[in-house]
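Chain A is the first sequence line, chain B the second, and so forth, proteins listed ahead of strands; every chain is numbered from 1.
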Amino acid sequence: MAKMTKFKFYPLYITYKEAEDEALIYMYGRNENGEQICVSDHFRPYFWVLGDLNLIKPELDETVIETKIEKKEYIGEEVEAIKIVTTLPRNIPVLKDKLKEVAVAVLEADILFVRRYLIDKEIVLGQEYEIQGEEMPIRKGVRTYEIQAIKGTEKSYENEKVLAFDIETHPEKNEEFEGPILMISFYGENFKKVITWKHFRTTEKYIEFVNSEADLIQRFKEVVEELNPDVLAGYFSDGFDLPYIASRAKKYKIKLEIGLDHSEIRLGKGANKSSRITGITHVDVYKFIRNITQLDVDDFRLDTVANALLGENKKQVDFTKLVEHWENSSKDLEEFCKYNLHDAKLTYELCKRLLPQLVELVKIVGLPMEDVNRLSVSQLVEWFLIRNAHKFNQLAPNKPSHDEISKRMSKRYKGAFVYEPKPGLYKNIMLFDFRSLYPTIIASHNIDPGVMNCKCCAGTAQKVPLENEDIWFCEKEKGFLSSVIGDLIERRIRIKEIMKKQKNPFLDARQDSLKLLANSFYGYLGFYAARWYSFDAARSVTAYGRYYVKKVIGSAEKQGFKAIYSDTDSIFLTFEDKTKQEAMKFMDKINKELPGIMELEFEGIYPSGIFVSVKGAEYGAKKKYALISEKDELIIKGFETVRRNWSPIAKEVQKKVLSIILKESDAEKAFNYVKKIADKIRKKQIEIKKFTIKTQITKPIEEYGAIAPHVAVAKKLIEKGIEIVPGQMIEYVITKGKGRIGDRAKLTNEVTKDDIDSEYYIKNQLIPSVGKIFEVIGFDEGELEKEGSQSKLSGFF
DNA sequence: TTTTTGCGGGG
DNA sequence: GTGTACGCAAAAA
């Protein structure tokens with residue numbers, strides 16, 4: 001008999017293994033001394049069936065070890081559900097198929113075993129637990145204990161050991177994972193290493209040489225084992241680095257047994273493949289950034305993302321020379337090693353930056369980190385609901401069938417209310433917005449498919465403001481979804497209160513995660529693949545949203561304010577002859593009338609702002625305005641030069657013009673500024689880099705139909721023998737001369753500022769960037785094209 | 001115009 | 001592993 005011990009344990013990873021007639025849960029993590037250990041637990045897979053037990057019983061086979069009737073709730077109805085407990089997880093699909101013929105419904109039969117365990121035992125990975133257990137004999141890998149008792153404490157694990165890695169491959173045949181891996185880099189706390197199998201002269205100590213690709217892969221294994229990280233981080237490593245290493249390892253018959261139980265890397269299949277290592281959380285930084293963070297970038301390449309989040313870029317190297325240097329064992333390979341290491345470093349920094357949010361989502365949603373990392377926001381909401389369903393004694397609805405999805409996708413409903421602005425320049429603007437409009441509507445109006453059109457409130461409950469339709473939500477009993485979202489909002493408010501006193505990055509990540517989940521509820525309700533989908537609930541949310549926004553606008557105008565623009569949850573008003581005090585009084589009155597936790601907030605005063613119409617915007621006018629704040633900050637929304645590929649000179653002028661008009665109210669000055677710049681362009685007084693237009697090559701050149709300027713430049717480069725790959729940025733300028741634009745597009749570093757086509761830049765960049773602005777304040781953009789003459793502008797302001 | 005297909009990230 | 005993304009733009013019909 002093994003000795004019983006007590007110890008503190010942070011579980012960080014969970015998996016299961018089939019034993020004889022049961023599946024054992026294994027949780028890997030660290031004890032209080034920071035040692036990697038494992039604890040094991042017994043757990044039985046089960047699912048629920050609704051229907052007649054007499055019809056169901058005959059279908060059950062010898063794998064079923066227990067059936068039990070329990071009172072549960074299923075979308076607002078009390079049901080007597082039959083719990084079917086079996087020996088192994090893989091029996092469940094078999095039983096499900098048999099039972100769905102005779103049962104009214106088979107429920108929760110697709111909740112993965114380890115997830116079921118975490119939900120039922122209310123275990124959160126990354127939290128501390130006091131374990132009573134005895135050490136198990138005969139297991140490969142880390143020390144393992146069988147759980148006798150487990151009790152949570154309030155502590156969390158806060159120093160995940162992260163190791164980032166990155167590989168460089170031979171440029172030939174790497175699509176099929178067939179070219180050799182040339183180098184692998186690692187980056188962690190106080191650790192950096194590049195391993196390569198071509199020897200060259202270098203003094204860099206972090207570069208390690210081996211003799212073959214097989215040895216390189218062997219070293220990869222060893223380094224991961226030696227450093228024993230909690231998190232192994234890569235960038236797109238689910239789809240590239242790990243499958244690539246695995247594919248090359250297979251070629252050399254090397255077993256990649258880096259799991260803490262000495263199991264091999266498990267590669268995912270299909271479109272959304274995920275590569276997993278037992279006991280070590282493999283974080284694909286790309287997937288998390290893409291799926292969860294609301295990062296506003298044009299693409300999700302490492303370079304772009306690192307620039308946006310860290311202000312750093314990838315190292316520049318000339319990849320066309322890689323093969324040549326490799327063949328010659330050139331000392332220039334050192335540059336590629338540095339490039340490789342820098343990518344690992346960026347991945348590490350990004351991972352460290354995002355880990356607090358990942359950790360918080362693990363705590364709130366309750367799934368393992370490797371799952372949270374790879375889920376979409378709607379899936380996060382869904383698993384958050386499934387975990388809460390268990391606490392509320394609710395049965396989770398099934399995922400919709402294919403037919404059901406088609407039906408849902410064809411149904412549309414009315415969205416948010418947009419009050420289109422009359423283009424113009426406005427003074428003394430106030431901005432109000434509803435704090436978390438949709439989440440607070442769901443919580444305050446008890447919007448929930450389970451309590452919709454309840455019998456108990458028929459005829460007495462307030463009806464959703466929809467024309468010719470009667471939808472109401474119970475006013476006696478709280479629905480499951482609305483309780484849960486109310487809880488999310490309240491938890492967030494409490495954290496924000498604490499944060500007023502002291503800043504804390506962990507609390508900030510938590511409030512951010514709570515906000516993300518709350519804000520995603522409405523979208524989830526209307527999402528065709530959602531278990532808790534409800535067309536009527538979703539359109540009730542937007543109906544109330546429109547109702548309250550219009551109500552505020554109506555009240556404001558009655559009070560003598562004037563509405564100029566509104567979109568979804570924000571309302572822009574002007575003072576007319578009112579004071580700020582009167583505006584505050586107005587807001588207080590509105591807030592007294594609003595139900596529950598709904599609240600209108602005062603966002604601020606803007607001394608002036610310009611609103612521009614967006615032509616051709618059918619689905620509500622798109623946001624396009626610029627404001628100047630009381631702190632004199634310029635806020636620009638929706639002006640296309642902010643996003644699209646415009647030259648720096650056009651962006652600069654647009655910003656300056658908005659600034660002059662809004663800050664100085666001097667249209668004449670703005671106008672003359674543009675004329676002055678046009679003049680400078682004509683006189684070649686502007687440096688060439690301000691004319692550079694950057695456009696990305698998105699596919700192989702031969703696949704392009706139309707010859708856009710950047711494609712023409714790329715073609716010329718290819719003729720010169722320079723390789724162009726998709727994803728590459730082409731930086732070009734338009735020069736003087738005859739022919740189409742494409743023929744006149746040249747690489748920036750090939751020409752001087754005298755070659756610049758001044759008229760092209762004035763007509764196609766400068767004027768379009770400010771034309772709309774002058775149009776709004778009643779200006780003729782034709783004036784700008786003329787040379788010289790000063791114009792008379794007094795009278796416009 | 002509507003429907004279908006394929007891409008994203010990596011090197 | 002009690003499983004197989006999703007949303008958009010370009011191409012095709």
Next on the checklist: Considering every strand and a 4.0 Å limit on heavy-atom distances, what is the contact class for A:Asp343: base, sugar-phosphate, or nothing?
Outcome noted: sugar-phosphate
Within the structure shown, what part of the strands sits under 4.0 Å from A:Asp241 by heavy-atom distance: base, sugar-phosphate, or nothing?
nothing
Report task. Could you check whether A:Leu322 gets within reach of a base, just the sugar-phosphate, or nothing at all, counting any heavy atom under 4.0 Å? Result -> nothing
To the nearest angstrom, the CZ-C1' distance between A:Phe527 and C:dG7 comes to 10 Å
Picking from B:dG9, C:dG3, B:dG10, the nucleotide nearest the side-chain atoms of A:Asp299 would be B:dG9
Regarding A:Pro171, tell me which of base, sugar-phosphate or nothing describes its non-hydrogen contacts under 4.0 Å with the strands shown.
nothing
Check: Is any side-chain heavy atom of A:Tyr117 closer than 4.5 Å to a side-chain heavy atom of A:Ile119?
Finding: no
NZ (A:Lys315) and CG (A:Asn340) are apart, to the nearest 0.5 Å, by 11.5 Å
Item to complete: Mind checking A:Phe300 for me? I need base, sugar-phosphate or nothing, with any heavy atom below 4.0 Å counting as a touch.
Response: sugar-phosphate
Rounded to whole Å, CE of A:Met409 lies from C1' of B:dT2 at a distance of 14 Å
Per atom distances to the A:Leu302 side chain, the nearest of B:dG8, B:dG10, C:dG1 is B:dG10
Check your understanding: C:dC8 and B:dG9: how far apart are their P atoms, nearest whole angstrom?
Key -> 14 Å
With the side chain defined as heavy atoms from C-beta on, A:Arg276 is closest, among B:dG8, B:dG10, C:dG1, to C:dG1
Between CD of A:Glu213 and C1' of B:dG11 the distance, given in whole Å, is 14 Å
In whole angstroms, the gap separating C1' of B:dG10 from CD1 of A:Ile289 amounts to 14 Å
From OH of A:Tyr235 across to P of B:dG8 the rounded distance in Å is 14 Å
Of the listed B:dG9, C:dC6, C:dG1, the closest approach to the A:Tyr528 side chain comes from C:dC6
In whole Å, what separates the C1' atom of C:dA5 from that of B:dC7?
13 Å
NZ or CZ of A:Lys411 within 45° of A:Phe535 ring axis and under 6.0 Å | yes
For this session: Classify the nucleic acid contact of A:Phe47 as base, sugar-phosphate or nothing, counting any heavy atom under 4.0 Å across all strands shown.
Result: nothing
- Query: Got A:Thr87 and A:Arg44 here, is their nearest side-chain heavy-atom distance under 4.5 Å?
  - Reply: yes
Rounded to whole Å, CG of A:Asp238 lies from P of C:dC6 at a distance of 16 Å
note: A:Lys273, atom NZ; B:dG10, atom C1'; distance rounded to Å ~ 11 Å
Rounded to the nearest 0.5 Å, the OG atom of A:Ser247 sits from the OH atom of A:Tyr252 at a distance of 10.0 Å
note: A:Glu175, atom CD; B:dC7, atom P; distance rounded to Å ~ 10 Å
Against the side chain of A:Ser376, the closest entry in B:dG8, C:dC6, C:dT4 is C:dC6
Checklist line | Distance test, side-chain N/O of A:Lys314 to OP1/OP2 of B:dG11, below 4.0 Å | finding: yes
* To do: Classify the nucleic acid contact of A:Leu375 as base, sugar-phosphate or nothing, counting any heavy atom under 4.0 Å across all strands shown.
  => nothing
Quick one: label A:Arg116 by what it contacts on the DNA or RNA (base, sugar-phosphate, nothing), any heavy atom closer than 4.0 Å. base
ask   = Are A:Phe113 and A:Phe43 near enough that their ring centres are under 6.0 Å apart?
value = yes
Testing B:dG10, C:dC6, B:dG9 for proximity to the side chain of A:Phe240, the answer is B:dG10
